[in-house]
Amino acid sequence: MLETTPLHMPDDVVEHRSVETLDIGTRESRVLRCAMRALGPDDGRAVVTSDLPTVRLQLLPGPWHASWFASDWGDEFLPRTAPVEAPMTFGVRTGRSSKGIHPWIGLVSAEHGALVVAPAWSGNWTVHIDGDATDGFKLTAGISSWRFHREVSRDVPFSAPAVYLAWGDDLDEAGAALATAVHRWVVPESAWTHTMPVEWNHWWPYEDAEIDAETFVANAVVARDLGLDVATLDAGWFGRPDTETFWERERGDWDRENTARFPGGLVETSRRVHELGLGFGVWIEAEAIGPDAQVRRDLPGIQARRDDDPPGSPLDPNDPGWLGYVCLGSIAGREHVRGVLDRLVARTGARWLKLDFNLDPGAGCSRTDHGHGSGDGLYEHYRGLYGLLDELRTAHPNLLLEACSSGGLRIDLGLLSRVHCAFLSDPDWTEFHLQLLWGAARMLPARAVLHWSESQWRGFHPCQNLDLASLDAPTFDQALRAVMLHRFGVSYRLVDLSAELRRRLAQHLTTYRDEIAPLVRAGAVIRPLTDQPLRQGGGERFPAFQLDGSETKIVAAFRLDGAPEGCTLAPRGLDPAARWRLTLLGPAADPADVPLLEGHTSVELSGAELIEGLRIDPQGQATSWLIRIDAPPPAPRVVPDPEGAPSATSARLAAAGTVSEGKPPP
Ligand SMILES: [Zn+2]
């Protein structure tokens, strides 16, 4: 399917490509991580170029069909599809990897199978298709050439962002292969993140306007009683000591705390949370600078600017070249942000950092006094960010790093190789969450996904008006089960939660810890069992997913508005001849809803019976189900080969000269 060759470009830039095959175990699919390093000409001259794709490949001849996900604020993972007709270009120019379209392009051929192309880059990326079906379409992928140029020489080569390629029989297989590889080879983890901590975050019901130290700690007490692990203080804690300030305008003044809301500052608040036995989490938008921030006036030298080509919609009409963020392509900018983060973690003992980014850098910084060129400021910003995150993880191994960007507008495998998980979207009502999950699962393993059950919003959202006082238990169950296949948290006024719902939440947390977290921790991927549900009544109305552990699978099904009476699911990856144990997980689970259970909570069945049809026929009020399927008892042990023979897979890959195991991402 693929042909990659070193290519000599007209301007004498020499591109050296390398490809690693990522071992993903027993799956039939394959995943490659592609890299490229461009050097200048042999005579030592520096040349300027903007066309520096990581991969150039040719698809096998014949028609292909493209699938992708459009994305905007509160509107991530919106499916799109079209026949491939060259020329065809995908990508973003917002300066944020998934604002506009997610960096995941699926290509399907009836004859040749499916290929996923995923540029691992947080800035502007592109996937371009040229040529024709008769000879085979030509595809390039990597950093976007839009308003980007770079001086390249022997002394200063260019390291292109990685691009991941995954293929399988269909897009579902290719996506699952990619997610498996991302678990094994991309997303970092630590002993702490491995515990799958569950958080309460203050944001949606309080925002900044209604949060203060007493409110935060009062909720943290309930969080502790419920069995949550972390209480995360979102925006509202920094900037001028004034209860009327608006977080967005104060961003950047991270060493200045809003002591009107938090009289003892973060030191006191975090101490009180720690005394409860909870981890302390804290939100920061370390790259950003708000218009009213003192740092905007004090440190002009570290700020990204584009005076020669200002953005069409400037953040500040009186200063159109100002981009509103710290350029991490400058040494001083990196030192500033490194200091901010180190001091924040040091004074709070934080175990969770929510790293947000709420602006569009566009083409990025074009200053020439930052150590980068006028055309590669955004590239050097993201290289600087990646380096800082690597340092942060090394310096603070007991810290979970969450990537957030106005929700899910910077979800890419470049950032995901430096943080532990990605937040999917700001809105999170259940139907929409399931739309997001269906898309995100095609790139991310369960442990790299973070989202909250439907949050209680202080502000207005037309689709999200959760009222805890009138919330019925089945709806609450559905919202929680919808986010329990991965990392999750809740954002409610916990202090207002009724005794009944508190009890229910605690029961769900027990199910998560005992039944689900072990699979998430072990690298399970989430396999959709139905078509994608879509917000506002669209798509599949009885969606189901399978958390695909190696020996245990958990099927989750959801009856949304407009759903048929029941649904029949075909769980994946079961040996039809083997016996499997089927168990309905609580709380409030009614075996009458699952005819195969014949009234019991747990039964043993053949794989064939399950594959033929796991039927859900709701008899009561339930609108969500979690069903555990356990592997048959293990076969008798085989005495291991004392020679320690390599696995068939690794032997095959080594023979092909492509195996490269255990390397960190570039
Ligand atoms: Zn700069």
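Ligands are counted one by one from 1 in listed order, and the atoms in each one are counted from 1 as well.
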Query - Polar side-chain atom of E199 near backbone of G281 as donor-acceptor pair, under 3.5 Å - result: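 Here the side-chain-to-backbone pair does not exist.
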Query raised in the report: So, is the end of the R351 side chain (NZ or CZ) under 6.0 Å from the ring centre of W192 and within 45° of the ring's axis?
Result: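 Satisfied, under 6.0 Å and within 45°.
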Query raised in the report: For Y386, is the NZ or CZ atom of R418 found under 6.0 angstrom from the centre of its six-membered ring and inside 45 degrees of the ring axis?
Result: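 R418 over Y386 ring: yes.
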Query raised in the report: Does the gap between the ring centers of F262 and W237 come in under 6.0 Å?
Result: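 For F262 and W237, the ring centres are not under 6.0 Å apart.
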**Report entry** Residue from H183, H194, H486, H420 passing side chain to side chain donor-acceptor pair (under 3.5 Å) with R447
**Finding:**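 Single pass found, and it is H183.
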Query raised in the report: Under 2.8 Å from the Zn ion (ligand 1), which protein atoms of type N, O or S occur, listed by chain and number?
Result: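 Only C327 SG, C365 SG, H370 ND1, H372 NE2 fall inside 2.8 Å of the Zn ion (ligand 1).
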Requested in this report: Could you name each residue pair satisfying side chain to side chain donor-acceptor pair (under 3.5 Å) that touches residues 279-293, not counting sequence neighbours?
Outcome: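 Found R249-D292, R251-E285, W283-D356, E285-N358, E287-H381, E287-R410.
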